[in-house]
Q: 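Before we start, here is the structure in question, set down as structure tokens.
Order of listing sets the numbers, starting from 1, for every ligand and every atom in it.
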Amino acid sequence: MTIYNFSAGPAVLPKAVLQQAQAEMLDWHGSGMSVMEMSHRGKEYMGIQAQAEADLRELMSIPSSYKVLFLQGGATQQFAMIPLNLLRGKLSADYVNTGEWSKKAIGEAKKFCNVNVAANNADRNCTYVPAFDSWKLDKDAAYVHYTPNETIGGVEFGWVPDTGDMPLVADMSSNILSRSVDVRKFGLIYAGAQKNIGPAGLTIVIVRDDLVGHSDPRLPTMLDYKTHAENDSMYNTPPTYGIYMAGLIFQWLKKSGGIGAMERTNITKANLLYGAIDSSNGFYVCPVNRADRSRMNVPFTLKDAALDGDFLKQAEARGLLQLKGHRSVGGMRASIYNAMPLAGVQTLVNFMSEFSRSKG
Ligand SMILES: *Cc1c(COP(=O)(O)O)cnc(C)c1O
């Protein structure tokens with residue numbers, strides 16, 4: 001039986017990439033070693049990391065005026081590193097609250113500065129993206145932070161806010177590489193790897209040069225972007241195996257036609273799943289405003305929560321795994337990241353239709 005893993009993260013990886021990693025596990029390209037065993041200062045590993053960076057730059061068309069950093073600590077550590085590095089003597093920052101991950105970013109930033117919540121969707125249970133003309137931005141803020149895809153609520157921005165000269169900071173943990181974005185519109189983009197890039201333990205930061213190097217001198221060395229920018233992310237030992245795996249994913253993406261091709265497939269997958277929900281006569285319901293529905297994380301409830309257990313059990317019996325929704329939302333959540341094949345969504349949709357008929 002083919003297994004389809006709908007986990008929100010750590011999440012499914014392309015089978016071809018796992019097979020390649022398996023084939024190279026004991027002897028990487030005739031080196032006689034696993035990548036895990038290589039010195040991070042050796043020429044083999046340095047080549048792997050340089051290639052991963054070059055491929056990511058190519059995939060996302062990252063201008064040379066931006067640094068690409070390979071860090072640890074997860075997206076959660078960025079919640080602190082962003083204010084610590086980007087306040088640059090200012091006292092406040094603008095944050096947009098669209099759900100659970102925005103709230104965590106806001107909570108952490110409050111330790112370091114005044115947070116102006118410029119827009120908030122809590123009035124409708126975090127199920128929509130607040131229109132840009134309703135945002136109350138502060139011209140004295142150091143930057144504007146938002147979460148383009150709320151992994152838990154399933155709310156995704158279909159547009160990039162235009163904040164002019166004010167640096168725009170985006171937590172792209174769950175939708176990086178899933179759609180084209182113009183990096184030049186951002187001051188900083190960050191993402192934990194375990195949703196759409198590779199295994200957990202790697203965090204990617206893409207930061208514009210002029211935002212680096214303005215931190216308080218007492219900031220711990222490892223929390224300063226400058227440390228990592230000046231040392232090609234090798235100030236200390238980087239998460240070498242995670243970077244190698246991310247590099248294999250970048251090559252897989254390039255071979256699959258790049259981000260444009262991936263975005264088209266993601267649209268097809270999302271339309272298929274939302275279509276099944278919307279045409280179920282209320283058996284399945286997605287609470288998110290139609291225009292703001294995530295292409296990556298699809299939350300839905302069953303008309304009767306008493307059927308949840310049966311749904312999950314029958315789904316599992318068909319190889320459809322990890323569909324249980326986040327405890328804060330309930331119901332189901334299907335995460336359909338880049339590595340989820342169209343056949344996985346097709347199988348899910350077929351099952352959903354049979355299940356609703358059997359219980360209808
Ligand atoms: C998963 C996730 C995080 C947390 O990532 P960690 O790497 O576990 O710290 C933060 N933001 C978003 C949008 C996420 O999806």
Q: Please state which part of Thr151 comes within less than 4.0 Å of ligand 1, counting heavy atoms only: side chain, backbone, both or neither.
A: side chain
Q: Could you tell me the residue and atom name of the protein heavy atom closest to atom 5 (O) of ligand 1, and the distance to it rounded to 0.1 Å?
A: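 For atom 5 (O) of ligand 1, the nearest protein heavy atom comes out as Ala75 CB, 3.5 Å.
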Q: Once you restrict to heavy atoms under 4.0 Å, what part of Ser173 touches ligand 1? Side chain, backbone, both or neither.
A: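 Answer for Ser173: side chain.
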Q: Please find out if less than 6.0 Å separates the ring center of Tyr66 from that of Phe186.
A: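 No: the rings miss the under 6.0 Å criterion.
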Q: Is there a heavy atom of Glu150 sitting under 4.0 angstrom from any atom of ligand 1?
A: no
Q: Under a 4.0 Å heavy-atom limit, does Lys104 contact ligand 1 with its side chain, its backbone, both, or neither?
A: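 Near ligand 1, Lys104 shows nothing, with every heavy atom at 4.0 Å or more.
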Q: Report, as yes or no, whether the 6.0 Å neighbourhood of atom CG on Asp304 holds more than 12 heavy atoms from other residues, nucleotides or ligands.
A: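 Yes, because the 6.0 Å sphere around CG of Asp304 holds more than 12 heavy atoms from other groups.
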Q: Mind checking whether Phe351 and Phe355 have parallel, tilted or perpendicular rings, split at 30° and 60°?
A: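 Phe351 vs Phe355 ring planes: tilted.
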Q: Considering only protein heavy atoms, which is closest to atom 1 (C) of ligand 1, and at what distance to one decimal place?
A: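 For atom 1 (C) of ligand 1, the nearest protein heavy atom is Lys195 NZ, 1.5 Å.
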Q: Tell me, which protein residue and heavy-atom name are nearest atom 9 (O) of ligand 1, and how many Å apart are they?
A: Thr76 OG1, 2.5 Å
Q: Under the 6.0 Å and 45° cation-pi test, does Lys15 pair with Trp252?
A: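 Checked: cation-pi criterion not met.
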Q: Is the count of non-hydrogen atoms from other residues, nucleotides or ligands lying under 6.0 Å from Arg327 atom CZ greater than 12?
A: no
Q: Go through Val207 and Leu69 one step at a time and tell me if the side chain to side chain contact (heavy atoms under 4.5 Å, CB included) criterion holds.
A: CA-CA 8 Å; Val207 58; Leu69 309 178; 4.1 Å; yes
Q: Do me a favour and list the nearest non-hydrogen protein atom to atom 11 (N) of ligand 1 with residue, atom name and distance?
A: Asp171 OD2, 2.6 Å
Q: Is atom CG of Asp182 surrounded by more than 12 heavy atoms (other residues, nucleotides or ligands) closer than 6.0 Å?
A: yes
Q: Is Gln77 close to ligand 1, meaning an N/O of one under 3.5 Å from an N/O of the other?
A: no
Q: Under a 4.0 Å heavy-atom limit, does Asn149 contact ligand 1 with its side chain, its backbone, both, or neither?
A: backbone
Q: Among all protein heavy atoms, pick out the one at the shortest distance from atom 10 (C) of ligand 1; state its residue, atom name and that distance to 0.1 Å.
A: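 The closest heavy atom on the protein side is Trp101 CE3, 3.3 Å.
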Q: Find all atoms of ligand 1 within a distance of less than 4.0 Å from any non-hydrogen atom belonging to Gly74, and give their numbers and elements.
A: 7 (O), 9 (O)
Q: Decide if the gap between the ring center of Tyr146 and the ring center of Tyr95 is smaller than 6.0 angstrom.
A: no
Q: Does any N or O atom in Phe79 lie less than 3.5 angstrom from one in ligand 1, N or O only?
A: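 So ligand 1 has no N or O lying under 3.5 Å from an N or O of Phe79.
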Q: Could you check Asp308 against Lys324 for salt bridge (Lys or Arg N to Asp or Glu O under 4.0 Å), going step by step and ending with a plain yes or no?
A: CA-CA 8 Å; Asp308 285 3; Lys324 194 173 162 54; over 6 Å; no
Q: For ligand 1, which atoms have a heavy atom of Gln194 less than 4.0 angstrom away?
A: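 So the answer, numbered in order with elements, is 5 (O), 6 (P), 7 (O), 8 (O).
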